[in-house]
Amino acid sequence: MSLIRNDKCWCGSGIKYKKCHMEFDEKLERLKKKGYEVPTRAMIKNHEQIEGIRESAKINNALLDLISKNIKEGMSTEEINTLAHEYTISHGGIPADLNYNGFPKSLCTSINDEVCHGIPSKEVILKNGDIINVDVTTILNGFFSDASRMFKIGEVSEEARRLVEVTKECLYKGIESIKPWQSSLGDIGEAIQNHAESNGCSVVREFGGHGVGLAIHEEPFVSHYGKRGTGMILVPGMVFTIEPMINSGSRKVFIDADNGWTAFTADGSLSAQWEHTIHVTEDGVEIISK
Ligand code: MF3
Ligand code: CO
Ligand code: CO
């Protein structure tokens with residue numbers, strides 16, 4: 001499908017193609033001819049969409065700040081869920097997790113050996129020494145933003161503290177690997193895998209980051225392990241999450257047979273995760289969830 005210079009651009013900006021994504025398409029075509037895997041048009045957001053995602057992320061970020069102020073020993077994960085649900089709704093947003101593929105709550109709370117998709121519950125009480133990931137996804141005016149942080153409850157073990165730190169560093173190594181028009185998804189994976197493994201930790205392979213913005217999970221899949229120079233090249237307008245799940249023991253996981261959601265480490269070791277929604281720009285990367 002080739003557009004004529006004066007047609008409106010395919011990105012939905014309303015601007016003439018020649019003033020919008022024409023040069024972009026030419027660059028992409030050159031990369032494709034050289035054998036690079038390139039994103040589809042569905043993976044490229046226009047300015048208006050990026051702005052919508054930023055507005056959504058403002059609520060998502062403020063909510064994580066609020067949780068960070070309130071989370072404490074003795075609190076149930078259900079209370080975190082209620083806090084988040086009410087905050088989101090009262091700010092005009094919708095918690096994306098609720099009813100997503102039947103998910104029963106408004107966010108995910110994953111403690112200690114839970115890797116991801118922990119389900120908030122009145123029965124789960126935060127105790128001294130726990131590490132917990134709180135993962136929230138907000139919809140505002142149809143735009144999705146997704147981020148998670150780790151919280152340490154009271155005094156945690158040295159092993160837990162290090163795991164939380166190394167995992168956060170993994171997220172930032174992944175982000176820092178991004179060079180628009182040059183690096184690829186494999187660079188993100190390699191940066192994360194290198195850092196995790198050189199610190200004696202392992203990378204969960206069954207889950208990854210994902211395109212985000214107009215839906216909770218879009219293409220591409222963003223692996224947290226891999227090889228530099230492989231996979232899809234990263235170009236301006238892409239919006240996706242990086243959300244490494246790093247284990248202190250084996251990388252193997254299993255899914256809770258009762259709830260069908262929660263992933264646990266197979267060996268019972270600790271797992272941590274940090275997540276940002278990022279936007280590839282012309283000259284670098286913008287962390288939207290900040
Ligand atoms: N926020 C999660 C992610 O990072 C998605 C949770 S989906 C749910 O991709 F259904 F488990 F809530
Ligand atoms: Co995500
Ligand atoms: Co998330």
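Atoms within a ligand are numbered from 1 in the order they appear, just like the ligands themselves.
With F264 as the partner, the side chain to side chain contact (heavy atoms under 4.5 Å, CB included) test is satisfied by one option alone out of D256, N112, I255: D256. Checking F207, F240, Y100 one by one against H217, the ring pair (Phe, Tyr, Trp, His ring centres under 6.0 Å) holds for a single residue, Y100.
Taking a cutoff of 4.0 Å between a charged side-chain nitrogen and a carboxylate oxygen, E206 and K252 do not qualify as a salt bridge. Between K173 and E176 there is no salt bridge, since no side-chain N of the basic residue sits under 4.0 Å from a carboxylate O of the acidic one. Salt-bridge check for K18 with E23: failed, with every basic side-chain N at 4.0 Å or more from each acidic carboxylate O. Salt-bridge annotation for E165 and R162: absent, with no side-chain N of the basic residue lying under 4.0 Å from a carboxylate O of the acidic one.
For K45 (side chain) and V212 (main-chain N/O), a donor-acceptor pair under 3.5 Å exists by modelled atom type. The closest donor-acceptor contact from the side chain of E190 to the backbone of R228 lies under 3.5 Å.
Around the Co ion (ligand 3), the protein N, O or S atoms closer than 2.8 Å are D135 OD1, D135 OD2, D146 OD1, E275 OE1, listed by chain and residue number.
A parallel orientation is assigned to the rings of H91 and Y87, their planes being inclined by less than 30° (bins at 30° and 60°).
The Co ion (ligand 2) has an N, O or S atom of H210 closer than 2.8 Å.
At a threshold of 4.5 Å between side-chain heavy atoms, the hydrophobic network of Ile, Leu, Val, Met, Phe, Trp and Tyr places V239 and I216 in one connected group.
Residues of the protein with a heavy atom under 4.0 Å from ligand 1 are D97, Y100, F103, C108, H117, D135, T137, D146, H210, H217, E243, W261, E275, listed by chain and number.
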